[in-house]
Amino acid sequence: SLDDLSKQLDKNLELLKRMKIEKQLELIKSDIDKHIEKQNELADAIDKGEKPSDLLEKQQKEKDDLQELKEQYDKVEELNKQLDKPLNLYDFKKEFNEIDKEFKNSLDQQQKNNRKKSLESMDKNKSNMKNLSFMMQQMIDAAFQVQRTESLANLLQILDNTIIFSFDQEKLILSNSNIQFDSQSLVKQKKLYQDFQVIKDSLYALAKREPSVNMAINKEIVDIENNFSKIDKDFSEDRFPQAKINQQYVLTAANNLALF
């Protein structure tokens with residue numbers, strides 16, 4: 001249905017945004033670690049008496065690169081605000097500003113040919129970057145660990161609900177003959193359809209956080225929805241044997257969902 005399609009598109013968009021945020025955070029953190037190593041290399045170059053103009057150029061590039069990482073993180077924060085349920089991302093403005101300040105100090109000291117103070121600023125900046133890297137990794141772990149914990153609890157509840165739905169659907173199938181359905185059977189089938197709407201919404205929410213089961217869940221939901229529609233039509237046209245076949249398809253899809 002159009003409603004299902006709309007939910008699917010919203011879910012896919014949310015999932016893509018979360019995946020993009022996670023990937024970009026990991027890349028930013030990895031780049032910070034690389035710049036820590038670069039500071040070690042520059043410190044060695046200063047000790048070895050490398051040409052001051054070359055050192056200034058390399059250190060200026062490091063400063064510019066860290067500023068670019070700050071801008072990338074700002075963009076991640078903006079993307080996070082677009083999520084239905086934003087992740088708990090930290091504000092690292094203070095940390096990035098402190099790193100930028102020490103880069104300026106180091107560059108100033110290099111221009112004054114004061115290698116000792118330049119090395120002191122570089123050493124302080126390594127500590128600043130290590131701290132930023134550590135905090136960013138903690139943030140990433142916490143943000144996505146919460147999702148995993150919530151997903152597990154939700155999955156257990158959804159599993160219980162899906163198994164109950166499956167048993168009730170099977171009970172309804174077995175209670176009817178292939179020839180005739182009474183009005184009470186139709187009422188029960190419509191009630192099961194309403195019960196499934198709650199389960200379906202929960203499955204959509206779960207799939208937003210679990211890309212590994214996303215496609216499989218979608219397939220079974222679509223199968224159940226399509227066959228419920230067919231059952232309704234079968235009832236209205238007195239095609240009871242076909243209704244029972246479509247009920248069985250609903251049961252099969254429900255059992256598949258319970259296996260995730």
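Reckoned from all heavy atoms, side chains included, excluding hydrogens, waters and symmetry mates.
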Show your working on side-chain contact (heavy atoms from CB on, under 4.5 Å) between Asp168 and Lys171 and close with a plain yes or no. CA-CA 5 Å; Asp168 288 345; Lys171 190 185 301 181; 4.2 Å; yes

Could you check Lys81 against Glu78 for salt bridge (Lys or Arg N to Asp or Glu O under 4.0 Å), going step by step and ending with a plain yes or no? CA-CA 5 Å; Lys81 291 176 183 177; Glu78 288 302 314; 3.3 Å; yes

Worked verdict on Glu95 versus Glu98 for side-chain contact (heavy atoms from CB on, under 4.5 Å): CA-CA 5 Å; Glu95 285 74 16; Glu98 189 64 30; 5.8 Å; no

Determine whether Asp108 and Lys104 satisfy the following criterion, salt bridge (Lys or Arg N to Asp or Glu O under 4.0 Å), listing intermediate values before the conclusion. CA-CA 6 Å; Asp108 287 344; Lys104 290 177 181 176; over 6 Å; no

Using the rule given for side-chain contact (heavy atoms from CB on, under 4.5 Å), can you reason through Phe196 versus Glu225, listing the C-alpha separation, both sets of side-chain angles and the distance that settles it, and then say yes or no? CA-CA 9 Å; Phe196 179 71; Glu225 285 287 337; 3.7 Å; yes

Pair Gln189, Phe228 - check side-chain contact (heavy atoms from CB on, under 4.5 Å), show working. CA-CA 9 Å; Gln189 186 63 83; Phe228 267 133; 3.0 Å; yes

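The CD atom of Glu62 lies 10.5 Å from the CG atom of Leu107; values are rounded to the nearest 0.5 Å. To the nearest 0.5 Å, atom CG of residue Asn227 and atom CG of residue Leu251 are 11.0 Å apart. Within the model, atoms CG of Leu79 and CD1 of Ile21 stand 4.0 Å from one another, a figure rounded to the nearest 0.5 Å. Rounded to the nearest 0.5 Å, atoms CE (Met139) and CZ (Phe92) are 4.5 Å apart. To the nearest 0.5 Å, atoms CG (Leu192) and NZ (Lys190) are separated by 12.0 Å. To the nearest 0.5 Å, the span separating NE2 on His35 from CD on Glu37 amounts to 12.0 Å.
A heavy-atom distance below 4.5 Å is found between the side chains of Gln72 and Glu68. Taking the side chain as every heavy atom from C-beta outward, Ile245 and Gln242 approach each other to under 4.5 Å. A heavy-atom distance below 4.5 Å is not found between the side chains of Asp65 and Phe103. Counting heavy atoms from C-beta on, the side chains of Glu57 and Lys61 never come closer than 4.5 Å. Between Asn105 and Glu102 there is a side-chain heavy-atom pair separated by less than 4.5 Å.
Heavy atoms only, all atoms of each residue included: Ala254 and Ile224 are closest at N-CD1, 3.9 Å. Looking at every heavy atom in both residues, Tyr73 comes nearest to Leu25 through CE1-CD2, 3.6 Å.
Think of Leu119 as one node in a network of Ile, Leu, Val, Met, Phe, Trp and Tyr side chains linked at under 4.5 Å; its network also takes in Leu42, Ile46, Leu55, Met122.
In Lys38, the NZ atom is not crowded: 12 or fewer heavy atoms of neighbouring residues, nucleotides or ligands sit closer than 6.0 Å.
Between the side chains of Gln109 and Ser121, no donor-acceptor pair is found at a separation under 3.5 Å. Counting only N and O atoms by type, the side chains of Lys244 and Gln247 include no donor and acceptor under 3.5 Å apart.
Electrostatic pairing of Asp54 and Lys58 does not count as a salt bridge here, judged by no charged N lying under 4.0 Å from a carboxylate O. Ion pair Glu50/Lys48 not flagged as a salt bridge, since none of the NZ, NE, NH1 or NH2 atoms sits closer than 4.0 Å to an Asp/Glu carboxylate oxygen.
Following chains of ILVMFWY side-chain contacts shorter than 4.5 Å, one can reach Ile28 starting from Leu83, so the two form part of one hydrophobic cluster. The hydrophobic clustering, which links ILVMFWY residues whose side-chain heavy atoms are closer than 4.5 Å, places Tyr249 and Leu257 apart. Cluster annotation: Ile231 and Leu186 are assigned to the same hydrophobic cluster (Ile/Leu/Val/Met/Phe/Trp/Tyr, side-chain heavy-atom contacts under 4.5 Å, transitive). Note: the hydrophobic cluster containing Ile140 also contains Phe96 (ILVMFWY, side chain heavy atoms under 4.5 Å, direct or indirect links). Met135 and Ile36 fall within the same hydrophobic cluster, defined by Ile, Leu, Val, Met, Phe, Trp and Tyr side-chain heavy atoms under 4.5 Å apart, directly or through other members.
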Taking only distance into account, with no hydrogens and no angle test, what donor-acceptor pairs under 3.5 Å do side-chain atoms of residues 126-134 form with protein atoms, sequence neighbours excluded?
from	atom 1	to	atom 2	distance (Å)
Lys126	NZ	Asn40	OD1	2.7
Asn128	ND2	Asn125	OD1	3.4
Ser133	OG	Lys29	NZ	3.4
Ser133	OG	Asp33	OD1	2.6

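Proximity of a side-chain donor or acceptor of Ser166 to a complementary backbone N or O of Thr162 within less than 3.5 Å is not detected. Using a distance-only test at 3.5 Å, with no hydrogens or angles considered, a donor-acceptor pair links the side chain of Ser175 to the main chain of Leu172.
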